[in-house]
Structures are given as C-alpha cells and as structure tokens.
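Because the structure is predicted, anything quoted here is derived from the model rather than measured. For ligands, and for the atoms within them, numbers begin at 1 and follow the listed sequence. Computed over heavy atoms, backbone and side chain alike; hydrogens, waters and symmetry mates excluded.
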Amino acid sequence: MSDEAPPPGIDARIPNPARMYNYFLGGKDNFAVDREAAERVLKVAPEAPALARRNRAFLRRAVRYLVAEAGIRQFVDIGTGLPTEGSVHEVAHELDPGVRVAYVDNDPVVLAHSRALLSGTASTTVTVQGDVRRPEEIMANPELRSLIDLSAPVAILLVAVLHFLPDDDKPAELVARLRESVAPGSYLVLSHVTDEERARDAREGAAVYRQASSGVTLRSRERIRELFDGFRLIEPGLVPLDDWRPDDENPLARQARRHLPTWFLCGVGHAS
Ligand SMILES: C[S@@+](CC[C@H](N)C(=O)[O-])C[C@H]1O[C@@H](n2cnc3c(N)ncnc32)[C@H](O)[C@@H]1O
C-alpha cells in the first residue's frame with residue numbers, strides 16, 4: 001500500500017489495528033504510522049508476530065474442522081482483517097469448493113482489500129460492510145443473505161475481534177444476539193487477547209492501541225468464557241492458540257511454541 005497516496009476515505013495518519021496486524025503478519029497493506037505503532041508494541045511484546053501467525057493457524061484449523069468434521073458449509077467471518085494468506089474461503093475450498101463465506105468488517109481498507117482479493121469467487125464469497133456492534137444489521141444485509149441461508153447452520157467467526165470492543169459495548173450480549181439470528185447447530189469460532197500471563201507486558205502492548213483507531217480491552221479467561229454463553233464449548237475447550245486441536249505432532253516444534261506467553265485464548269462453541 002502506498003504511503004504517499006492512501007485511497008479516498010482512508011486515514012493514514014492514525015494507526016489502524018487491522019493494518020498493524022497485517023504488518024505483524026509480514027504483509028504490505030499498511031502505512032508508516034501503522035508500522036511505527038506496531039514497532040512500539042514489539043518493544044514490549046516481541047512475540048506479537050508469532051502470536052498473529054498462531055492466531056491465523058488456529059483459524060485455519062477451526063475452519064478445516066468445521067468443514068471436514070462438523071459438516072458446516074457457510075461462514076460469516078466478522079472482523080475479516082487483512083490476512084496475508086489462507087483466507088477462510090481458501091482453506092474451506094480445499095475441502096469443498098462449494099462452501100460459502102461472507103466477509104464482514106467495518107474498516108474501509110479491509111473492505112477494499114477483500115473485494116479486490118475475492119473478485120474471482122463471486123459465486124461463493126461476498127464482502128459486506130458491517131459493525132459487530134450492530135449484529136442484526138449484519139445478518140439482515142441483503143448481499144449477505146443472497147449467499148448465506150440463515151435457516152441452515154452457519155459458523156460465525158469472531159477471531160481476534162472482540163478485544164477491540166470496550167466493556168461498555170457489552171460484547172457477550174452482542175454474541176448472544178448473533179446466536180439468536182442463526183439456526184440451531186451453528187458454531188462460534190472465537191479468539192481474544194488476555195492478560196492472564198505477563199500481565200504488565202500485555203497491558204503495555206494494549207496501551208499502544210489507545211492511540212490507534214480502536215483500543216484493546218484485555219479480558220480474563222472467565223470473561224472470555226462468558227462470550228460463549230449459550231454455546232457448548234467443544235473439546236478441548238477454551239485454550240491457548242496452539243492447544244486447539246494441533247495438527248502438528250512434531251514434539252520439538254510444539255515445545256518451541258510453549259515459550260510464547262498465553263496472550264490469546266481461543267475456542268469453538270456449538271449452539272444446539
Ligand atoms: C486483528 S484483525 C483480525 C483479523 C482476522 N479475524 C484474524 O483473526 O486474522 C481485527 C479485525 O477486526 C475488525 N474490527 C474491529 N472492530 C470491528 C467492529 N466493531 N466491527 C467489525 N469489524 C471490526 C478490524 O477492522 C480488523 O479487520
């Protein structure tokens with residue numbers, strides 16, 4: 001992305017969490033201001049890029065599980081972000097090219113990027129503007145509804161998104177409202193930052209986001225578990241990123257990953 005001429009409607013003067021995340025993932029969809037803020041996070045949390053990659057790996061494993069083992073054929077990915085590779089539809093289409101994915105985000109950079117990326121997959125993907133703080137609007141969006149059948153089970157993805165909402169937004173209520181809009185048998189895939197380990201560093205890293213377009217709210221394990229109210233957490237429950245159904249059984253690689261602090265918890269819930 002050019003630092004000189006940001007697209008219309010896009011503010012390149014304020015750090016943006018989606019673009020900082022893209023920088024952590026080694027992507028090019030970020031501006032100087034995002035890279036500077038990301039470098040400040042790296043000073044207190046040098047593990048941030050590794051955690052961003054682990055978060056994407058969790059997302060991929062969850063999508064594969066849902067398609068291959070749970071029979072899910074439609075996904076609503078809220079807070080799509082600017083992934084560098086392995087978007088939800090790419091992972092799902094390796095297993096079934098008919099899987100349908102609606103990408104939802106409130107950030108114009110993400111929407112523009114997502115639309116450009118998806119131009120060749122119009123029969124199975126759609127990108128819509130939406131804010132998780134207005135769940136009914138997301139689910140009523142006509143473009144989303146043209147692809148996603150809400151009378152059949154859906155997987156709602158809220159991966160690394162809800163920590164951008166302060167408590168005043170009542171994230172657990174928002175998730176409950178999303179659950180009420182989908183059919184029984186639907187799933188929730190969620191990851192969220194926590195300060196249960198190395199709390200001071202986690203808080204200093206989160207503080208950098210206060211100067212960005214969205215702040216970060218760290219939540220305890222209990223508060224994150226509450227986000228799954230109304231869902232049954234499937235095995236192995238609410239766990240650090242690498243522990244959710246790992247597909248890499250190489251013991252040395254797994255041991256190396258254990259050095260990462262538990263700054264993310266993740267899980268998959270089933271609404272029966
Ligand atoms: C860290 S990225 C996560 C991307 C992706 N889900 C992942 O885990 O790789 C967070 C994304 O959430 C989006 N986001 C933040 N607040 C949001 C809101 N209120 N409604 C919709 N999307 C939001 C941001 O624009 C950004 O794209």
Worksheet item: So does R60 pair up with E94, basic N to acidic O under 4.0 Å?
Response: no
Worksheet entry | E204/R200 under salt bridge (charged side-chain N to carboxylate O under 4.0 Å, His left out): CA gap, chis, key distance, verdict | CA-CA 6 Å; E204 279 182 30; R200 198 165 142 219; 3.7 Å; yes
Worksheet, complete the sentence: For T262, the side-chain hydrogen bond (donor to acceptor under 3.5 Å, both in side chains) test, sequence neighbours excluded, returns E197
Worksheet item: With sequence neighbours left out, what residues match E137 under side-chain hydrogen bond (donor to acceptor under 3.5 Å, both in side chains)?
Response: R134
Response to the item:
The residue among N30, D34, D107 that forms side-chain hydrogen bond (donor to acceptor under 3.5 Å, both in side chains) with R19 is D34
Worksheet entry | Residue pairs fulfilling side chain to side chain donor-acceptor pair (under 3.5 Å) with at least one residue in residues 170-185, sequence neighbours excluded | E136-R177
Practice prompt. Below 4.0 Å from any atom of ligand 1, which residues have a heavy atom? Give them in chain and number order, please.
Written response: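 Residue list for ligand 1: A18, Y21, N55, R56, G79, T80, G81, D105, N106, D107, V110, G130, D131, V132, R133, V159, A160, V161, F164, L165.
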